[in-house]
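Sequence positions, counted from 1, serve as the residue numbers for this chain. Just so it is clear, the structure is predicted and the values come from calculations on it, not from any experiment. Both counts, for ligands and for their atoms, begin at 1 and track the order of listing.
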Amino acid sequence: MTSEVHATDVAGAQRAWPAALGVGPSGGLELDGVDLGRLARERGTPLWAISRSTLEHNFDELLGAFRGRYPRCEIAFSMKAHNTLAVVQLLHQRGAKLDCSAEYEFDIVRSLGVPPSDVVLNGCGKSQRALAAAAQLGAREVNIDSCVEAQRLDALAREAGNVVDCTVRVQLDYERLLEIDPSYVHAASAADKFGSDVASGEAMKVVRTVVDAPNLAFRGLHHHVVFPGYLSDYSTESALAHHAESAAELCRFAARVRASLGVEVERLNLGGGIRASGSIHVAPPGRPEEATWHALPSAPAFADAVFSAIESHFEGDELPLVQFESGGHMVWDAVVLLAEVSEVKEAVRRGGPAKRFVYIDASAMMFVIRSMLKMAHPVLVVDRPFDTPAAPNVELVGQTCLTDTIAEGIELPELAAGDLVCLLHQGAYCDTTSTQVNSFPRPEVALLAEGAARVVKRRERLEDVHSRDIPLEG
Ligand SMILES: Cc1ncc(COP(=O)(O)O)c(C=O)c1O
(Lines give C-alpha, C1' and ligand atoms only; values in the text may rest on other atoms or scores of the structure.)
Protein backbone atom coordinates (compact mmCIF):
# COMPACT_ATOMS: atom_id res chain seq x y z
CA MET A 1 0.00 0.00 0.00
CA THR A 2 2.84 2.38 0.66
CA SER A 3 3.43 2.92 -3.06
CA GLU A 4 0.24 5.01 -3.27
CA VAL A 5 1.92 7.93 -1.58
CA HIS A 6 4.38 10.10 -3.38
CA ALA A 7 8.02 9.92 -2.37
CA THR A 8 10.83 11.94 -3.91
CA ASP A 9 12.98 8.87 -4.37
CA VAL A 10 10.46 6.12 -4.17
CA ALA A 11 12.80 3.16 -4.02
CA GLY A 12 15.05 4.83 -1.50
CA ALA A 13 12.40 6.47 0.62
CA GLN A 14 10.30 3.35 0.93
CA ARG A 15 13.32 1.41 2.06
CA ALA A 16 13.63 3.98 4.79
CA TRP A 17 9.99 4.16 5.83
CA PRO A 18 9.49 2.81 9.33
CA ALA A 19 6.99 -0.05 9.45
CA ALA A 20 4.59 2.27 11.29
CA LEU A 21 4.27 4.57 8.24
CA GLY A 22 1.73 3.67 5.58
CA VAL A 23 -1.42 4.67 3.79
CA GLY A 24 -4.69 4.52 5.70
CA PRO A 25 -8.10 3.47 4.38
CA SER A 26 -8.91 7.05 3.38
CA GLY A 27 -5.74 7.26 1.25
CA GLY A 28 -3.92 9.59 3.64
CA LEU A 29 -0.45 9.07 5.03
CA GLU A 30 -0.64 7.45 8.48
CA LEU A 31 1.92 7.00 11.24
CA ASP A 32 1.01 4.63 14.06
CA GLY A 33 -2.56 4.75 12.76
CA VAL A 34 -2.79 8.56 12.98
CA ASP A 35 -3.76 10.42 9.77
CA LEU A 36 -0.89 12.88 9.36
CA GLY A 37 -2.82 15.34 7.17
CA ARG A 38 -5.58 15.57 9.74
CA LEU A 39 -3.09 15.87 12.59
CA ALA A 40 -1.29 18.76 10.86
CA ARG A 41 -4.54 20.60 10.18
CA GLU A 42 -5.84 20.10 13.72
CA ARG A 43 -2.65 20.92 15.61
CA GLY A 44 -0.94 23.31 13.16
CA THR A 45 2.53 23.13 11.62
CA PRO A 46 5.44 22.71 11.91
CA LEU A 47 4.95 19.65 14.07
CA TRP A 48 7.20 16.76 15.01
CA ALA A 49 5.25 13.49 15.22
CA ILE A 50 6.91 10.63 17.11
CA SER A 51 5.96 7.04 16.38
CA ARG A 52 5.92 5.22 19.70
CA SER A 53 5.93 1.80 18.07
CA THR A 54 9.04 2.69 16.02
CA LEU A 55 10.84 3.94 19.10
CA GLU A 56 10.01 0.77 21.01
CA HIS A 57 10.90 -1.43 18.06
CA ASN A 58 14.30 0.24 17.60
CA PHE A 59 15.22 -0.32 21.24
CA ASP A 60 13.75 -3.81 21.59
CA GLU A 61 15.29 -5.07 18.35
CA LEU A 62 18.77 -3.87 19.27
CA LEU A 63 18.69 -5.06 22.88
CA GLY A 64 17.15 -8.40 21.82
CA ALA A 65 19.85 -9.01 19.21
CA PHE A 66 22.65 -7.95 21.56
CA ARG A 67 21.46 -9.94 24.59
CA GLY A 68 20.68 -12.92 22.33
CA ARG A 69 24.34 -12.97 21.32
CA TYR A 70 25.97 -11.83 24.57
CA PRO A 71 23.80 -11.76 27.69
CA ARG A 72 26.10 -9.52 29.77
CA CYS A 73 25.33 -6.29 27.97
CA GLU A 74 23.21 -3.20 28.42
CA ILE A 75 22.19 -0.22 26.33
CA ALA A 76 21.92 3.35 27.56
CA PHE A 77 19.90 5.86 25.56
CA SER A 78 22.13 8.78 24.70
CA MET A 79 19.76 11.64 25.32
CA LYS A 80 21.79 14.21 23.42
CA ALA A 81 20.21 12.63 20.32
CA HIS A 82 16.66 13.39 21.48
CA ASN A 83 15.62 14.91 24.77
CA THR A 84 11.83 15.09 24.65
CA LEU A 85 11.17 13.90 28.17
CA ALA A 86 8.38 11.51 27.15
CA VAL A 87 10.88 9.74 24.86
CA VAL A 88 13.50 9.55 27.60
CA GLN A 89 10.89 8.16 30.02
CA LEU A 90 9.57 5.60 27.54
CA LEU A 91 13.01 4.22 26.78
CA HIS A 92 14.02 4.17 30.43
CA GLN A 93 10.83 2.35 31.38
CA ARG A 94 11.62 -0.18 28.65
CA GLY A 95 14.96 -0.97 30.22
CA ALA A 96 17.41 1.55 28.78
CA LYS A 97 19.98 3.12 31.05
CA LEU A 98 20.57 6.80 30.30
CA ASP A 99 23.73 8.41 28.97
CA CYS A 100 23.79 12.00 30.21
CA SER A 101 26.33 14.52 29.13
CA ALA A 102 27.33 16.47 32.18
CA GLU A 103 25.16 18.37 34.53
CA TYR A 104 22.02 19.57 32.81
CA GLU A 105 20.98 16.21 31.42
CA PHE A 106 21.82 14.65 34.81
CA ASP A 107 19.61 17.30 36.50
CA ILE A 108 16.70 16.69 34.18
CA VAL A 109 16.66 12.89 34.44
CA ARG A 110 16.90 13.13 38.22
CA SER A 111 13.84 15.40 38.15
CA LEU A 112 12.04 12.56 36.33
CA GLY A 113 12.85 10.22 39.22
CA VAL A 114 15.47 8.18 37.33
CA PRO A 115 17.78 6.58 39.94
CA PRO A 116 21.42 7.73 39.60
CA SER A 117 22.41 4.05 39.38
CA ASP A 118 20.80 4.05 35.90
CA VAL A 119 22.80 7.05 34.69
CA VAL A 120 26.16 7.07 32.93
CA LEU A 121 27.64 10.53 33.36
CA ASN A 122 29.68 11.61 30.36
CA GLY A 123 31.25 14.83 29.18
CA CYS A 124 34.56 16.62 28.93
CA GLY A 125 35.63 19.54 31.11
CA LYS A 126 32.85 18.71 33.57
CA SER A 127 31.86 21.50 35.93
CA GLN A 128 32.46 21.34 39.66
CA ARG A 129 28.68 21.27 40.11
CA ALA A 130 28.29 18.19 37.87
CA LEU A 131 31.07 16.32 39.64
CA ALA A 132 29.71 17.30 43.06
CA ALA A 133 26.27 15.93 42.13
CA ALA A 134 27.85 12.63 41.05
CA ALA A 135 29.99 12.54 44.22
CA GLN A 136 26.96 13.04 46.44
CA LEU A 137 24.37 10.98 44.58
CA GLY A 138 26.53 8.43 42.80
CA ALA A 139 26.01 7.26 39.22
CA ARG A 140 26.15 4.00 37.33
CA GLU A 141 29.55 5.32 36.39
CA VAL A 142 31.26 8.60 35.80
CA ASN A 143 33.24 8.48 32.61
CA ILE A 144 36.54 10.11 33.52
CA ASP A 145 38.09 12.34 30.91
CA SER A 146 41.47 13.30 32.41
CA CYS A 147 43.81 12.94 35.43
CA VAL A 148 42.68 16.35 36.70
CA GLU A 149 39.05 15.31 36.55
CA ALA A 150 39.81 12.11 38.46
CA GLN A 151 41.50 14.12 41.22
CA ARG A 152 38.65 16.62 41.38
CA LEU A 153 36.00 13.90 41.62
CA ASP A 154 38.01 11.99 44.23
CA ALA A 155 38.24 15.09 46.45
CA LEU A 156 34.49 15.74 46.14
CA ALA A 157 33.66 12.08 46.83
CA ARG A 158 35.86 12.19 49.94
CA GLU A 159 33.95 15.25 51.19
CA ALA A 160 30.67 13.46 50.51
CA GLY A 161 31.93 10.27 52.19
CA ASN A 162 31.22 8.17 49.07
CA VAL A 163 33.06 5.97 46.61
CA VAL A 164 32.09 6.66 42.98
CA ASP A 165 32.18 4.04 40.20
CA CYS A 166 34.26 5.22 37.23
CA THR A 167 35.21 4.22 33.72
CA VAL A 168 37.99 5.95 31.79
CA ARG A 169 37.36 7.40 28.34
CA VAL A 170 40.19 6.73 25.92
CA GLN A 171 41.24 7.69 22.41
CA LEU A 172 42.40 4.66 20.48
CA ASP A 173 45.26 4.43 18.07
CA TYR A 174 43.12 3.17 15.11
CA GLU A 175 46.17 1.46 13.63
CA ARG A 176 44.20 -1.42 12.11
CA LEU A 177 41.17 0.71 11.36
CA LEU A 178 43.25 2.93 9.15
CA GLU A 179 44.20 -0.07 7.06
CA ILE A 180 40.51 -0.80 6.54
CA ASP A 181 39.40 2.78 6.07
CA PRO A 182 42.07 5.41 5.27
CA SER A 183 39.41 8.15 5.37
CA TYR A 184 39.43 7.69 9.14
CA VAL A 185 42.80 9.40 9.21
CA HIS A 186 41.55 12.78 10.39
CA ALA A 187 39.83 11.15 13.37
CA ALA A 188 43.05 9.31 14.14
CA SER A 189 45.55 12.12 13.76
CA ALA A 190 43.99 15.14 15.46
CA ALA A 191 44.25 15.59 19.22
CA ASP A 192 40.76 15.07 20.57
CA LYS A 193 39.13 17.05 23.35
CA PHE A 194 37.39 13.89 24.61
CA GLY A 195 39.23 11.37 26.76
CA SER A 196 42.91 10.58 26.86
CA ASP A 197 45.26 9.07 24.34
CA VAL A 198 46.31 5.42 24.59
CA ALA A 199 49.40 5.60 22.35
CA SER A 200 51.09 8.44 24.26
CA GLY A 201 50.60 6.69 27.62
CA GLU A 202 48.21 9.37 28.89
CA ALA A 203 45.26 6.97 29.11
CA MET A 204 47.25 4.59 31.33
CA LYS A 205 48.10 7.53 33.62
CA VAL A 206 44.41 8.38 33.97
CA VAL A 207 43.56 4.75 34.78
CA ARG A 208 46.34 4.70 37.38
CA THR A 209 45.01 7.94 38.93
CA VAL A 210 41.53 6.41 39.23
CA VAL A 211 42.87 3.13 40.61
CA ASP A 212 44.95 4.97 43.25
CA ALA A 213 42.16 7.37 44.24
CA PRO A 214 40.67 6.19 47.56
CA ASN A 215 37.18 7.47 46.78
CA LEU A 216 36.96 6.27 43.16
CA ALA A 217 36.32 2.67 42.10
CA PHE A 218 37.85 1.79 38.73
CA ARG A 219 35.31 -0.30 36.77
CA GLY A 220 36.47 -0.22 33.16
CA LEU A 221 37.12 1.59 29.91
CA HIS A 222 35.10 3.66 27.48
CA HIS A 223 35.50 4.49 23.82
CA HIS A 224 32.88 6.15 21.61
CA VAL A 225 32.77 5.20 17.95
CA VAL A 226 31.44 7.93 15.67
CA PHE A 227 28.91 6.56 13.13
CA PRO A 228 31.29 5.88 10.23
CA GLY A 229 28.73 6.95 7.61
CA TYR A 230 29.35 10.57 8.60
CA LEU A 231 33.09 10.34 8.10
CA SER A 232 34.05 7.87 5.48
CA ASP A 233 33.29 5.89 2.38
CA TYR A 234 30.61 3.79 3.93
CA SER A 235 29.90 0.11 3.43
CA THR A 236 28.24 -2.32 5.81
CA GLU A 237 31.54 -4.23 5.97
CA SER A 238 33.53 -1.14 6.89
CA ALA A 239 30.89 -0.12 9.47
CA LEU A 240 31.11 -3.52 11.15
CA ALA A 241 34.89 -3.39 10.98
CA HIS A 242 34.91 0.06 12.64
CA HIS A 243 32.96 -1.18 15.61
CA ALA A 244 34.65 -4.59 15.85
CA GLU A 245 38.16 -3.14 15.53
CA SER A 246 37.45 -0.43 18.10
CA ALA A 247 36.19 -3.10 20.50
CA ALA A 248 39.28 -5.23 19.81
CA GLU A 249 41.62 -2.29 20.36
CA LEU A 250 39.88 -1.43 23.61
CA CYS A 251 40.27 -5.07 24.69
CA ARG A 252 44.00 -4.93 23.91
CA PHE A 253 44.31 -1.85 26.09
CA ALA A 254 42.26 -3.61 28.81
CA ALA A 255 44.81 -6.46 28.76
CA ARG A 256 47.64 -3.94 29.23
CA VAL A 257 45.78 -2.30 32.12
CA ARG A 258 45.37 -5.69 33.81
CA ALA A 259 49.02 -6.58 33.26
CA SER A 260 50.45 -3.19 34.36
CA LEU A 261 48.17 -2.32 37.26
CA GLY A 262 46.81 -5.69 38.35
CA VAL A 263 43.19 -4.53 38.23
CA GLU A 264 40.18 -6.09 36.54
CA VAL A 265 38.45 -4.35 33.66
CA GLU A 266 34.88 -5.31 34.52
CA ARG A 267 33.12 -3.03 32.04
CA LEU A 268 33.73 -2.08 28.44
CA ASN A 269 31.64 0.86 27.31
CA LEU A 270 31.65 1.08 23.52
CA GLY A 271 29.74 4.36 23.24
CA GLY A 272 27.36 4.98 20.34
CA GLY A 273 27.56 5.32 16.57
CA ILE A 274 25.36 2.27 16.01
CA ARG A 275 23.08 2.38 13.00
CA ALA A 276 21.53 -1.00 12.27
CA SER A 277 18.53 -2.28 10.26
CA GLY A 278 17.23 -0.72 7.07
CA SER A 279 19.01 2.03 5.23
CA ILE A 280 19.96 5.59 5.90
CA HIS A 281 20.07 8.56 3.52
CA VAL A 282 23.22 10.66 3.69
CA ALA A 283 23.48 13.88 1.65
CA PRO A 284 26.26 16.45 2.04
CA PRO A 285 24.60 19.89 1.90
CA GLY A 286 25.43 21.73 -1.34
CA ARG A 287 26.37 18.49 -3.13
CA PRO A 288 23.04 16.81 -3.95
CA GLU A 289 24.72 14.65 -6.58
CA GLU A 290 26.58 12.89 -3.74
CA ALA A 291 23.41 11.89 -1.88
CA THR A 292 23.48 8.15 -1.20
CA TRP A 293 21.54 5.46 0.56
CA HIS A 294 23.64 3.36 2.89
CA ALA A 295 22.36 -0.16 3.59
CA LEU A 296 22.90 -0.71 7.30
CA PRO A 297 24.01 -3.99 8.88
CA SER A 298 21.32 -6.00 10.63
CA ALA A 299 21.26 -5.86 14.44
CA PRO A 300 22.35 -9.54 14.75
CA ALA A 301 25.24 -8.97 12.29
CA PHE A 302 26.30 -5.95 14.31
CA ALA A 303 26.13 -7.92 17.56
CA ASP A 304 28.09 -10.81 16.12
CA ALA A 305 30.90 -8.62 14.80
CA VAL A 306 31.38 -6.72 18.06
CA PHE A 307 30.93 -9.56 20.54
CA SER A 308 33.11 -11.98 18.54
CA ALA A 309 35.91 -9.41 18.74
CA ILE A 310 35.45 -9.10 22.50
CA GLU A 311 35.14 -12.81 23.22
CA SER A 312 38.35 -13.60 21.39
CA HIS A 313 40.22 -11.28 23.77
CA PHE A 314 38.71 -12.59 26.98
CA GLU A 315 39.19 -16.32 26.37
CA GLY A 316 39.18 -18.15 29.67
CA ASP A 317 38.66 -14.93 31.65
CA GLU A 318 35.38 -13.70 32.97
CA LEU A 319 33.64 -11.76 30.24
CA PRO A 320 33.12 -8.06 30.94
CA LEU A 321 29.83 -6.20 31.12
CA VAL A 322 29.58 -4.59 27.68
CA GLN A 323 27.77 -1.26 27.59
CA PHE A 324 26.54 0.87 24.71
CA GLU A 325 25.35 4.47 24.59
CA SER A 326 23.06 4.53 21.62
CA GLY A 327 21.39 7.77 20.56
CA GLY A 328 20.65 8.21 16.87
CA HIS A 329 19.71 4.57 16.26
CA MET A 330 16.85 4.68 18.75
CA VAL A 331 15.10 7.69 17.33
CA TRP A 332 16.22 8.60 13.80
CA ASP A 333 13.29 7.11 11.85
CA ALA A 334 10.79 7.38 14.72
CA VAL A 335 10.07 11.06 14.12
CA VAL A 336 8.66 12.94 11.11
CA LEU A 337 8.31 16.69 10.67
CA LEU A 338 5.03 17.96 9.21
CA ALA A 339 5.21 21.34 7.51
CA GLU A 340 3.05 23.52 5.28
CA VAL A 341 4.06 25.03 1.96
CA SER A 342 3.94 28.83 2.15
CA GLU A 343 5.01 29.68 -1.40
CA VAL A 344 6.47 28.21 -4.59
CA LYS A 345 8.87 30.21 -6.78
CA GLU A 346 10.31 29.35 -10.19
CA ALA A 347 13.79 30.83 -10.47
CA VAL A 348 16.37 31.03 -13.20
CA ARG A 349 19.67 32.89 -13.23
CA ARG A 350 21.95 33.78 -16.13
CA GLY A 351 20.34 31.22 -18.39
CA GLY A 352 21.15 28.35 -15.98
CA PRO A 353 18.73 25.50 -15.37
CA ALA A 354 15.39 26.45 -13.89
CA LYS A 355 14.95 25.72 -10.22
CA ARG A 356 11.79 25.55 -8.22
CA PHE A 357 11.98 26.77 -4.64
CA VAL A 358 9.35 25.33 -2.34
CA TYR A 359 9.17 27.36 0.88
CA ILE A 360 7.79 25.69 3.97
CA ASP A 361 7.00 26.90 7.48
CA ALA A 362 9.72 24.68 8.96
CA SER A 363 13.39 25.52 8.67
CA ALA A 364 16.73 23.73 8.46
CA MET A 365 17.53 25.88 11.52
CA MET A 366 15.19 23.52 13.37
CA PHE A 367 17.75 20.79 12.71
CA VAL A 368 21.07 22.51 12.15
CA ILE A 369 22.88 19.22 12.67
CA ARG A 370 21.95 18.41 9.04
CA SER A 371 25.00 20.25 7.78
CA MET A 372 27.36 18.64 10.32
CA LEU A 373 26.12 15.08 10.03
CA LYS A 374 25.05 15.11 6.38
CA MET A 375 21.73 13.63 7.44
CA ALA A 376 19.15 13.74 4.66
CA HIS A 377 15.43 13.96 5.28
CA PRO A 378 13.42 12.26 2.51
CA VAL A 379 10.34 14.31 1.63
CA LEU A 380 6.83 12.97 1.15
CA VAL A 381 3.85 14.99 0.05
CA VAL A 382 0.97 14.36 2.39
CA ASP A 383 -2.39 13.62 0.72
CA ARG A 384 -1.07 13.22 -2.82
CA PRO A 385 -1.36 9.98 -4.85
CA PHE A 386 1.93 8.44 -5.83
CA ASP A 387 1.32 8.66 -9.59
CA THR A 388 1.23 12.47 -9.51
CA PRO A 389 3.94 13.56 -12.00
CA ALA A 390 7.01 15.05 -10.35
CA ALA A 391 9.37 17.73 -11.67
CA PRO A 392 13.14 17.67 -11.05
CA ASN A 393 15.47 20.24 -9.52
CA VAL A 394 13.34 21.28 -6.59
CA GLU A 395 14.89 22.94 -3.58
CA LEU A 396 12.94 22.68 -0.35
CA VAL A 397 13.78 25.70 1.77
CA GLY A 398 12.82 27.41 4.99
CA GLN A 399 11.94 31.08 5.32
CA THR A 400 14.83 32.22 7.53
CA CYS A 401 17.45 34.57 6.14
CA LEU A 402 20.28 32.05 6.64
CA THR A 403 21.19 29.34 4.18
CA ASP A 404 18.14 27.30 4.87
CA THR A 405 18.14 24.43 2.43
CA ILE A 406 16.28 21.40 3.72
CA ALA A 407 16.58 19.25 0.58
CA GLU A 408 18.02 20.05 -2.82
CA GLY A 409 18.09 18.57 -6.29
CA ILE A 410 15.01 16.49 -5.50
CA GLU A 411 11.87 15.69 -7.45
CA LEU A 412 8.51 16.87 -6.19
CA PRO A 413 5.09 17.18 -7.82
CA GLU A 414 3.44 20.59 -8.37
CA LEU A 415 2.83 22.12 -4.98
CA ALA A 416 0.94 25.20 -3.88
CA ALA A 417 0.61 27.23 -0.71
CA GLY A 418 -1.28 25.22 1.89
CA ASP A 419 -0.03 21.79 0.76
CA LEU A 420 1.56 19.64 3.44
CA VAL A 421 4.91 17.87 3.34
CA CYS A 422 6.33 15.26 5.68
CA LEU A 423 10.10 15.05 6.26
CA LEU A 424 11.34 11.63 7.35
CA HIS A 425 14.25 10.80 9.69
CA GLN A 426 13.75 13.75 12.00
CA GLY A 427 14.42 11.93 15.27
CA ALA A 428 18.17 12.20 15.78
CA TYR A 429 19.82 15.47 16.78
CA CYS A 430 17.03 17.59 15.21
CA ASP A 431 14.97 18.94 18.11
CA THR A 432 18.07 19.01 20.32
CA THR A 433 19.96 21.20 17.84
CA SER A 434 17.04 23.46 16.87
CA THR A 435 17.45 27.23 17.02
CA GLN A 436 15.06 30.17 17.09
CA VAL A 437 16.83 32.21 14.45
CA ASN A 438 14.66 35.07 13.09
CA SER A 439 12.50 34.51 16.21
CA PHE A 440 10.91 31.39 14.72
CA PRO A 441 9.21 29.47 17.53
CA ARG A 442 10.03 25.77 17.62
CA PRO A 443 7.52 23.08 16.64
CA GLU A 444 5.04 21.20 18.76
CA VAL A 445 5.90 17.55 19.46
CA ALA A 446 3.21 14.85 19.50
CA LEU A 447 3.60 11.20 20.47
CA LEU A 448 1.53 8.87 18.30
CA ALA A 449 0.33 5.44 19.38
CA GLU A 450 -2.47 3.16 18.22
CA GLY A 451 -4.37 5.81 16.28
CA ALA A 452 -4.12 8.56 18.90
CA ALA A 453 -1.86 11.62 19.20
CA ARG A 454 -0.82 13.18 22.49
CA VAL A 455 1.06 16.46 22.74
CA VAL A 456 4.28 15.85 24.68
CA LYS A 457 5.97 19.20 24.07
CA ARG A 458 3.84 22.24 23.41
CA ARG A 459 4.44 24.57 20.50
CA GLU A 460 6.78 27.38 21.38
CA ARG A 461 5.16 30.81 21.38
CA LEU A 462 6.79 34.07 20.40
CA GLU A 463 6.70 35.04 24.12
CA ASP A 464 8.73 31.88 24.87
CA VAL A 465 11.35 32.79 22.29
CA HIS A 466 11.80 36.16 23.99
CA SER A 467 11.08 35.04 27.55
CA ARG A 468 14.63 35.92 28.72
CA ASP A 469 14.53 39.44 27.28
CA ILE A 470 14.28 42.48 29.49
CA PRO A 471 13.25 45.35 27.17
CA LEU A 472 14.46 48.85 27.98
CA GLU A 473 11.85 51.01 29.61
CA GLY A 474 10.40 54.13 28.00
C1 LIG B 1 30.14 9.65 24.33
C2 LIG B 1 29.03 9.46 23.37
N3 LIG B 1 28.23 8.40 23.53
C4 LIG B 1 27.18 8.18 22.71
C5 LIG B 1 26.90 9.05 21.66
C6 LIG B 1 25.71 8.77 20.79
O7 LIG B 1 26.08 8.52 19.48
P8 LIG B 1 25.00 8.02 18.43
O9 LIG B 1 23.89 9.00 18.41
O10 LIG B 1 25.75 7.97 17.15
O11 LIG B 1 24.55 6.67 18.88
C12 LIG B 1 27.72 10.16 21.44
C13 LIG B 1 27.46 11.09 20.34
O14 LIG B 1 28.11 12.06 20.10
C15 LIG B 1 28.82 10.37 22.33
O16 LIG B 1 29.64 11.42 22.17
- Query: Got a salt bridge between Asp431 and Arg442, using NZ or NE/NH1/NH2 to carboxylate O under 4.0 Å?
  - Reply: no

- Ser78 neighbourhood, listing ligand 1 atoms whose heavy-atom distance to it stays under 4.0 Å: 4 (C), 5 (C), 6 (C)

- Are any of the N or O atoms of Gly273 closer than 3.5 Å to those of ligand 1? yes

- Under 4.0 angstrom from ligand 1, any heavy atom of Met330? no

- Note on the structure: Judged by heavy atoms only, the candidate from His329, Lys80, Met79, His82 nearest atom 15 (C) of ligand 1 is Lys80

- Query: What do you reckon, does Asn122 have a nitrogen or oxygen under 3.5 Å from a nitrogen or oxygen of ligand 1?
  - Reply: no

- Looking at Phe227, Phe194, Phe77, Tyr429, the heavy atom closest to atom 9 (O) of ligand 1 belongs to Tyr429

- Under a 4.0 Å N-O cut-off, is there an ion pair linking Asp107 with Arg129? yes

- Task: Return the minimal non-hydrogen interatomic distance between Val382 and Leu338, and the atom names on each side.
- Result: CG2-CD2, 4.3 Å

- Contact (N/O only, under 3.5 Å) between Gly271 and ligand 1: no

Output a table of donor-acceptor pairs, distance under 3.5 Å, between side-chain atoms of residues 200-211 and any protein atom two or more places apart or on a different chain; print 'none' if there are none.
residue	atom	partner	partner atom	Å
Ser200	OG	Asp197	OD2	3.0
Ser200	OG	Glu202	N	3.4
Thr209	OG1	Lys205	O	2.7

- Task: Could you tell me whether His222 and ligand 1 have an N or O pair separated by under 3.5 Å?
- Result: no

